[in-house]
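Read the structure below first, then the notes.
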2 protein chains.
Amino acid sequence: MMGAATNREVNRLSVTIKDIARLAGVSHTTVSRALNDSPLINDETKQKIKQIAEELGYTPNYNAKSLVLQKSHHIGLFFTTLDTGTSAQFFYDVVRGVQSVIRDRYQVSVKGIDTYESFENVNRKAFDGIIVMSQSAQDNDFIRWVAEKEIPYVVLNRRIQEEHAVNIVPDDRQGAFSLVDFMIRQGHRRIGFIEGKARFQSAEERKAGYMEAMRTHALELDPMLIRQGSYDMESGYQAMKQLLELPSIPSAVFCSNDEMAVGAVKAVSESGRKVPDDISVAGFDDHSFSAFLSPSLTTVRRPIEKIAKDGAGKLVEAMESGERRSEFIPVATQLMVRESVKPFVPN
Amino acid sequence: MMGAATNREVNRLSVTIKDIARLAGVSHTTVSRALNDSPLINDETKQKIKQIAEELGYTPNYNAKSLVLQKSHHIGLFFTTLDTGTSAQFFYDVVRGVQSVIRDRYQVSVKGIDTYESFENVNRKAFDGIIVMSQSAQDNDFIRWVAEKEIPYVVLNRRIQEEHAVNIVPDDRQGAFSLVDFMIRQGHRRIGFIEGKARFQSAEERKAGYMEAMRTHALELDPMLIRQGSYDMESGYQAMKQLLELPSIPSAVFCSNDEMAVGAVKAVSESGRKVPDDISVAGFDDHSFSAFLSPSLTTVRRPIEKIAKDGAGKLVEAMESGERRSEFIPVATQLMVRESVKPFVPN
DNA sequence: ACATACAATGCACACGTTAACAATATCCTA
DNA sequence: TAGGATATTGTTAACGTGTGCATTGTATGT
């Protein structure tokens with residue numbers, strides 16, 4: 001009679017190293033070592049054990065491994081928010097970039113920082129490492145928490161002051177500068193600006209680039225030409241409508257991202273004007289649709305997927321070496337000249 | 001001297017129920033019960049224990065919990081692919097929808113099915129439940145695997161035959177039908193069609209809707225008017241270019257999604273024609289940019305975020321009740337009439 | 001006053017894995 | 001041929017938590 005033993009096996013969720021041990025006639029320790037390719041184990045036994053494991057369809061219980069190895073096999077990918085302000089394209093590029101380097105080495109959990117009331121569950125037991133895709137200084141509390149818990153982490157997309165982390169940041173200011181500089185060289189003097197989401201660092205950097213370019217060319221900074229937006233199309237549409245109601249409208253408008261530029265172009269069309277003949281419009285990000293719009297959108301490419309990949313790579317390095325290295329890596333942006341900005345023609 | 005004990009505490013990753021037990025002068029069993037609000041424990045002791053836990057900043061070790069409770073606290077969110085074919089908007093809407101109902105009850109890991117060579121690590125130990133955002137019959141192997149492993153799951157977005165799962169699917173065929181029907185009622189007779197990504201079910205359904213509408217109105221199905229696309233802008237652009245080279249071009253073109261419609265509109269513009277005056281164009285999905293294009297895009301809204309929410313809700317239900325219920329839930333789509341389709345005017 | 005029920009807590013083991021240490025067998029060296 | 005080194009395996013405890021069962025103390029009913 002073998003009722004009891006059989007029942008136990010049947011009821012169990014799945015095969016364990018003890019099952020393999022029994023069949024191989026060795027101890028479970030030996031099985032563990034064999035499956036981990038320990039040099040201690042004789043090659044023949046090793047092969048035999050591996051074969052049995054294969055036949056039984058053994059898969060390790062990662063919860064048990066995690067418990068004893070103090071390693072969760074999980075990394076967290078945190079965004080400032082998953083609601084307004086994070087564009088679909090941005091989100092998608094980041095997740096793809098991260099996944100492409102992590103593959104099945106870790107599980108990647110995607111989160112919005114703003115959904116947490118308390119960070120208590122963000123700790124070393126839950127995450128081996130954390131990628132913060134930071135868009136705003138709001139994230140500082142979170143980043144400080146992660147640093148205090150001594151979880152290996154990297155911060156991408158926004159410059160931070162902390163000392164113990166890799167920080168990869170696109171040079172938004174330079175990108176904005178070169179775009180506005182380009183507009184000015186095309187003869188534009190009254191250049192409007194639609195800001196990104198308030199308190200987002202990228203929004204501030206882009207504004208700084210705009211202002212710097214204007215100052216460099218000794219152009220007047222008319223505050224009426226600067227409008228607040230929030231990175232979504234509707235806000236770009238509204239802001240542009242306001243600009244078009246001014247007594248003296250700008251000949252060119254720089255929108256802090258491509259989505260707002262789409263909204264802005266719509267407002268221009270509705271006013272009976274044409275882009276770029278009557279007014280030039282540019283965006284930022286080089287969103288995937290930008291090249292396909294009519295007119296195609298002049299913008300600045302920001303290599304988000306590459307930043308995500310590099311960041312994930314650096315994080316894995318840090319997790320596996322155990323060293324916390326501080327490193328600031330700026331990433332160049334690239335001006336994409338297309339059709340939506342034309343030389344200024346006085347009428 | 002208290003060297004040894006202190007050292008152990010200092011070196012440990014964090015506070016455990018045994019630490020709390022020691023301070024409270026009870027056994028760790030009592031602590032475990034108290035923190036889980038067991039009715040067995042006296043209210044006073046319970047309060048005292050909870051307070052100590054609070055003071056020490058205790059957080060449970062989910063790996064240990066998982067091990068003993070056979071529950072991973074993780075759910076998997078699987079897409080057919082994270083590469084071409086899955087649009088950023090689709091991806092984003094789904095993740096947001098799922099996260100909004102799951103919150104911090106489970107960790108959500110996002111995956112592309114096509115990155116797996118072997119599904120071995122997809123099992124009950126790793127996932128308490130799985131959401132398959134299925135776009136193609138390619139996923140059938142995966143779905144079968146999940147069903148065999150008896151992991152609670154739901155399949156969204158694509159109709160399946162399996163018996164033990166909830167299946168929520170937008171009625172793409174009906175949506176496509178009503179859109180093409182609308183075009184025909186606007187007087188169009190030669191209506192082009194740009195197909196979605198090959199082997200994607202949504203692509204086939206939309207084609208079926210197109211053909212059904214044409215047949216219903218007894219219109220000729222000219223195979224020259226049907227072009228293969230792959231759901232991205234470039235393919236829409238190329239397909240439309242081909243259609244415009246025909247000796248007799250269509251007066252309206254239905255693109256299987258909005259992204260291809262954007263590419264198609266570009267091709268029309270480049271040929272010197274105008275949308276919708278010279279040729280009408282429509283898409284599918286009601287992408288966030290569709291209302292903001294000029295002309296705004298006539299399309300079909302598919303409530304992806306709602307599907308994701310409902311699906312996540314059903315999954316949680318299934319996981320927590322332990323019942324596998326088979327349920328097919330079709331979701332209506334909605335025709336969004338905008339500017340890019342105009343009544344047909346013979347020239 | 002005594003059996004009985006019940007409330008509250010502890011003991012001991014289990015979950016599946018790894019690892020320090022112990023144990024054995026085998027081989028080599030002087 | 002004794003003694004040590006080495007290769008291979010096993011014993012046992014540990015990771016942090018939950019739970020069946022035993023235990024203790026207290027209240028209840030007769």
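Summarising the geometry, the separation between CG on A:L69 and P on D:dA14 is reported as 17 Å, rounded to the nearest angstrom. Residue A:N63 contributes atom CG, which lies 15 Å from atom P of D:dG16 at whole-angstrom precision. Atom CG of B:N61 and atom P of D:dG18 are 10 Å apart (whole Å). Rounded to an integer number of Å, the gap from A:I20 CD1 to C:dT17 P is 8 Å. Distance B:I41 CD1 to C:dC6 P: 18 Å, rounded to the nearest Å. Separating the NZ atom of A:K71 from the P atom of C:dA19 is a distance of 13 Å, rounded to the nearest angstrom. The separation between A:K18 atom NZ and C:dT18 atom P is 12 Å, rounded to whole Å. Protein atom CD of B:Q70 is 14 Å distant from nucleotide atom P of D:dG18, rounded to whole Å.
Note on A:T16: every side-chain N or O is 4.0 Å or more away from OP1 and OP2 of C:dG16. For C:dT9, one of the phosphate oxygens OP1 or OP2 lies less than 4.0 angstrom from a side-chain nitrogen or oxygen of B:T45. OP1 or OP2 of C:dA8 lies within a sub-4.0 Å distance of a side-chain N or O belonging to B:N42. Dashed line: the shortest gap from a side-chain N or O of B:S32 to OP1 or OP2 of D:dG18 is under 4.0 Å. In this structure, A:T30 reaches the D:dG10 phosphate: one of its side-chain N or O atoms is under 4.0 Å from OP1 or OP2. Using a 4.0 Å cut-off, some side-chain N or O of B:N36 falls inside it from OP1 or OP2 of D:dG18. Considering only side-chain N and O atoms, B:K65 lies nowhere under 4.0 angstrom from the phosphate OP1 or OP2 of D:dG16.
At a cut-off of 3.5 Å, with distance as the only test, no side-chain donor of A:Q51 or A:Q47 sits close to an acceptor on the other residue.
Side chain A:T29 to base D:dT11: a donor-acceptor pair is found below 3.5 Å.
Ranked by how close their nearest DNA chain D nucleotide is to the 5' end, B:L40 and B:Y62 are led by B:Y62. Between B:L67 and B:H28, the one whose closest nucleotide on DNA chain C sits nearer the 5' end is B:H28. Heavy-atom nearest nucleotides on DNA chain D were determined for A:P39 and for B:A64, and the one closer to the 5' end corresponds to A:P39.
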Using the side-chain hydrogen bond (donor to acceptor under 3.5 Å, both in side chains) rule, take B:N157 and B:S134 through it: C-alpha gap first, then chi angles, then the decisive distance, then the call.
-> CA-CA 6 Å; B:N157 194 52; B:S134 183; over 6 Å; no
Please report the C-alpha distance between A:S32 and A:T29 in whole Å, then the side-chain angles of each, then the deciding distance to 0.1 Å, and finally whether the side-chain hydrogen bond (donor to acceptor under 3.5 Å, both in side chains) criterion is met.
-> CA-CA 5 Å; A:S32 170; A:T29 308; over 6 Å; no
Determine, step by step, whether A:Y62 and B:N121 satisfy the side-chain contact (heavy atoms from CB on, under 4.5 Å) criterion, reporting the C-alpha distance in whole Å, the side-chain angles of both residues, the deciding distance to 0.1 Å, and the verdict.
-> CA-CA 10 Å; A:Y62 277 91; B:N121 286 323; 4.0 Å; yes
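When each of D:dG10, D:dG20, C:dT17 is scored by its nearest atom to the side-chain atoms of A:P60, the top-ranked nucleotide is C:dT17.
Interatomic distance, B:T81 OG1 to B:F200 CZ, rounded to the nearest 0.5 Å: 6.5 Å.
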